[in-house]
Amino acid sequence: MIQGIENRRSIRKYKADKINKELIEDMIYSATLAPSAKNRQPWKFIVYQGKEKEKLVDVMRQGINSEKITHELMKEWAFAIPDAENTVRIMEEAPCLIAVLNTNQKTPFEGIENEKRIVEICDSLSIGAAIENMILTATEHGLGTLWIANTCFAYNELVDFIKTDNQLTGIVAVGFANEAPAKRPRKPFTDIVEYR
């Protein structure tokens, strides 16, 4: 298992080859096996391929273009818009995009009370575990993935397109890698672990 974790990479270049349904369903099944707080299982996965994927990418592009002008959602992160625009290129190239929803939560752009915020954090952790299972299963099958959070720059446009009021946690790009990135550096173990 540790080898699969070490081999996982964030892939930003994809081959055009389609992904068969069985592989996608295997990835999603593994996601459903993740631990979840109070067994709430707050996840939902919507798979986009072909023309529907192209529409989703167009909506992402339009939302980013709007955010460039208005800075309505992510004012302090305006510097990251060029990276979000590169994400659109990656999404165009990947043959499959999987939108991940938190079915227990609504938009992250509105304030909520403290207790609900704690529950939202727990649900987000559960979904993070599900996505990790999904991308490790993809790695095991020889697929590449990219866990996309830049959806925040086009959040409202994307949830309108998806037709949901559930919280959009992110999108996972899936396909056969057309690159072999080196392992990214990690913080020294001594900096991140403390025994007491």
Side-chain angles (χ1 to χ4, degrees), residues 10-14 18-19 24-25 27-28 31-32 34 36 40-112 116-117 119-121 123-135 138 143-175:
S10 293
I11 299 300
R12 292 173 172 84
K13 294 182 180 176
Y14 293 90
K18 289 184 178 178
I19 311 302
I24 293 167
E25 290 186 349
M27 288 171 55
I28 293 173
T32 69
S36 69
R40 285 162 59 89
Q41 302 178 53
W43 42 69
K44 182 173 180 177
F45 307 92
I46 303 176
V47 181
Y48 289 90
Q49 296 173 292
K51 293 204 179 303
E52 286 303 307
K53 187 209 84 163
E54 290 172 17
K55 290 178 191 174
L56 182 72
V57 173
D58 283 342
V59 168
M60 176 79 164
R61 181 184 296 104
Q62 290 165 20
I64 291 169
N65 287 340
S66 175
E67 182 66 12
K68 274 169 75 170
I69 296 164
T70 66
H71 300 295
E72 180 185 345
L73 297 177
M74 302 288 292
K75 185 177 182 179
E76 292 181 27
W77 280 77
F79 68 88
I81 287 178
D83 181 63
E85 290 173 317
N86 186 50
T87 298
V88 172
R89 179 204 55 81
I90 296 163
M91 292 168 70
E92 283 176 324
E93 212 170 88
C96 178
L97 299 173
I98 303 174
V100 185
L101 304 179
N102 181 340
T103 59
N104 292 331
Q105 303 298 331
K106 307 300 180 197
T107 177
F109 292 102
E110 291 179 6
I112 57 176
K116 288 184 178 176
R117 178 69 67 209
V119 172
E120 180 183 57
I121 290 168
D123 284 342
S124 295
L125 291 169
S126 301
I127 289 171
I131 292 174
E132 180 74 357
N133 279 9
M134 193 163 62
I135 63 179
L143 295 168
T145 58
L146 182 65
W147 187 339
I148 296 168
N150 277 333
T151 51
C152 58
F153 291 101
Y155 187 87
N156 294 327
E157 291 84 354
L158 287 167
V159 295
D160 285 348
F161 173 76
I162 293 168
K163 294 181 175 58
T164 186
D165 63 351
N166 294 149
Q167 190 175 94
L168 174 62
T169 304
I171 291 175
V172 178
V174 185

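Keep in mind the model is a prediction, meaning the values are calculated, not measured. Quick note: numbers below take in every heavy atom, side chains included, and nothing from hydrogens, waters or symmetry partners.
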Novice: Kindly compute the distance separating CD1 (Ile90) from CD1 (Ile11), expressed to the nearest 0.5 Å.
Specialist: 10.0 Å

Novice: Find the distance between CD (Gln41) and CG (Asn104) and round it off to the nearest 0.5 Å.
Specialist: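 Separation between the atoms: 10.0 Å.
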
Novice: Is there a side-chain contact between Val172 and Leu146, using heavy atoms and a 4.5 Å cut-off?
Specialist: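 In short, these two side chains do not touch, never coming nearer than 4.5 Å.
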
Novice: State, yes or no, whether a side-chain contact exists between Asn166 and Gln105 at a heavy-atom distance under 4.5 Å.
Specialist: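 They are not in contact (no side-chain heavy atoms under 4.5 Å apart), so the answer is no.
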
Novice: Measure the shortest side-chain to side-chain distance between Pro95 and Val174 over non-hydrogen atoms and say whether it is less than 4.5 angstrom.
Specialist: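 The answer is no; the side chains never approach within 4.5 Å.
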
Novice: For Trp147, check ring-ring contact (aromatic ring centres under 6.0 Å, His included) against everything at least two apart and list the hits.
Specialist: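 Testing Trp147 for ring-ring contact (aromatic ring centres under 6.0 Å, His included), a comparison that skips the adjacent residues, returns none.
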
Novice: Could you tell me which non-hydrogen atom of Tyr48 sits nearest to which non-hydrogen atom of Ala99, and how far apart they are?
Specialist: CE1-CB, 4.1 Å

Novice: By salt bridge (Lys or Arg N to Asp or Glu O under 4.0 Å), which residues pair with Lys116, not counting sequence neighbours?
Specialist: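 In terms of salt bridge (Lys or Arg N to Asp or Glu O under 4.0 Å), with neighbours along the sequence ignored, Lys116 is linked to Glu113.
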
Novice: At their closest point, which heavy atom of Leu73 faces which heavy atom of Phe109, and how far apart are they?
Specialist: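 Minimum heavy-atom separation between Leu73 and Phe109: O-CE2, 3.6 Å.
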
Novice: Looking at Leu101, Thr164, Val100, which hits side-chain contact (heavy atoms from CB on, under 4.5 Å) with Ile46?
Specialist: Leu101

Novice: Kindly compute the distance separating CG (Leu97) from NZ (Lys53), expressed to the nearest 0.5 Å.
Specialist: 5.5 Å

Novice: Within the distance-only criterion (no hydrogens, no angle test), does the side chain of Ser124 pair as donor or acceptor with the backbone N or O of Glu120 below 3.5 angstrom?
Specialist: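 Pair found, side chain donor or acceptor close to backbone of Glu120.
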
Novice: Measuring from Ile64:CD1 to Met74:CE, what's the distance to the nearest 0.5 Å?
Specialist: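 With rounding to 0.5 Å, CD1 (Ile64) is 11.5 Å from CE (Met74).
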
Novice: Looking at every non-hydrogen atom in both residues, tell me the closest pair between Leu143 and Met27 and how far apart they are.
Specialist: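 For Leu143 versus Met27, the nearest heavy atoms are CD1-SD, 4.1 Å.
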
Novice: What is the minimum heavy-atom distance between Ile98 and Ile24, and which atoms define it?
Specialist: CD1-CG2, 4.4 Å

Novice: Write out all pairs satisfying side-chain hydrogen bond (donor to acceptor under 3.5 Å, both in side chains) with one or both partners inside residues 74-95, taking only residues at least two apart or from two chains.
Specialist: Arg61-Glu92, Lys68-Glu85, Asp83-Asn150, Asn86-Arg89, Thr87-Asn150, Arg89-Glu93

Novice: Would you compute the distance between atom CG of Asp58 and atom CE of Met60 and round it to the nearest 0.5 angstrom?
Specialist: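 That separation rounds to 12.0 Å.
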
Novice: Measure across Cys96 and Val47 and return the closest heavy-atom pair with its distance rounded to 0.1 Å.
Specialist: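 Cys96 and Val47 have their closest heavy atoms at SG-CG1, 3.8 Å.
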
Novice: Could you pull out the closest heavy-atom pair between Trp43 and Ser126, with the gap in Å?
Specialist: CZ3-O, 3.6 Å

Novice: Compile the donor-acceptor pairs under 3.5 Å between side chains in residues 151-162 and protein atoms, sequence neighbours left out, one pair per line.
Specialist:
residue, atom, partner, partner atom, Å
Tyr155, OH, Leu168, N, 3.1

Novice: Please name all residues satisfying salt bridge (Lys or Arg N to Asp or Glu O under 4.0 Å) with Asp165, sequence neighbours left out, ordered by chain then number.
Specialist: Lys106

Novice: Apply side chain to side chain contact (heavy atoms under 4.5 Å, CB included) to Ile81 and His71, showing your working.
Specialist: CA-CA 10 Å; Ile81 287 178; His71 300 295; 4.2 Å; yes

Novice: Can you name the residues that form a side chain to side chain donor-acceptor pair (under 3.5 Å) with Lys55, not counting sequence neighbours?
Specialist: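 Lys55: side chain to side chain donor-acceptor pair (under 3.5 Å) contacts with Glu52.
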
Novice: Taking atom NZ of Lys13 as the centre, does the number of heavy atoms from other residues, nucleotides or ligands within less than 6.0 Å exceed 12?
Specialist: no

Novice: Can you tell me how far apart CD1 (Ile171) and CE (Met91) are? Round to the nearest 0.5 Å.
Specialist: 4.0 Å

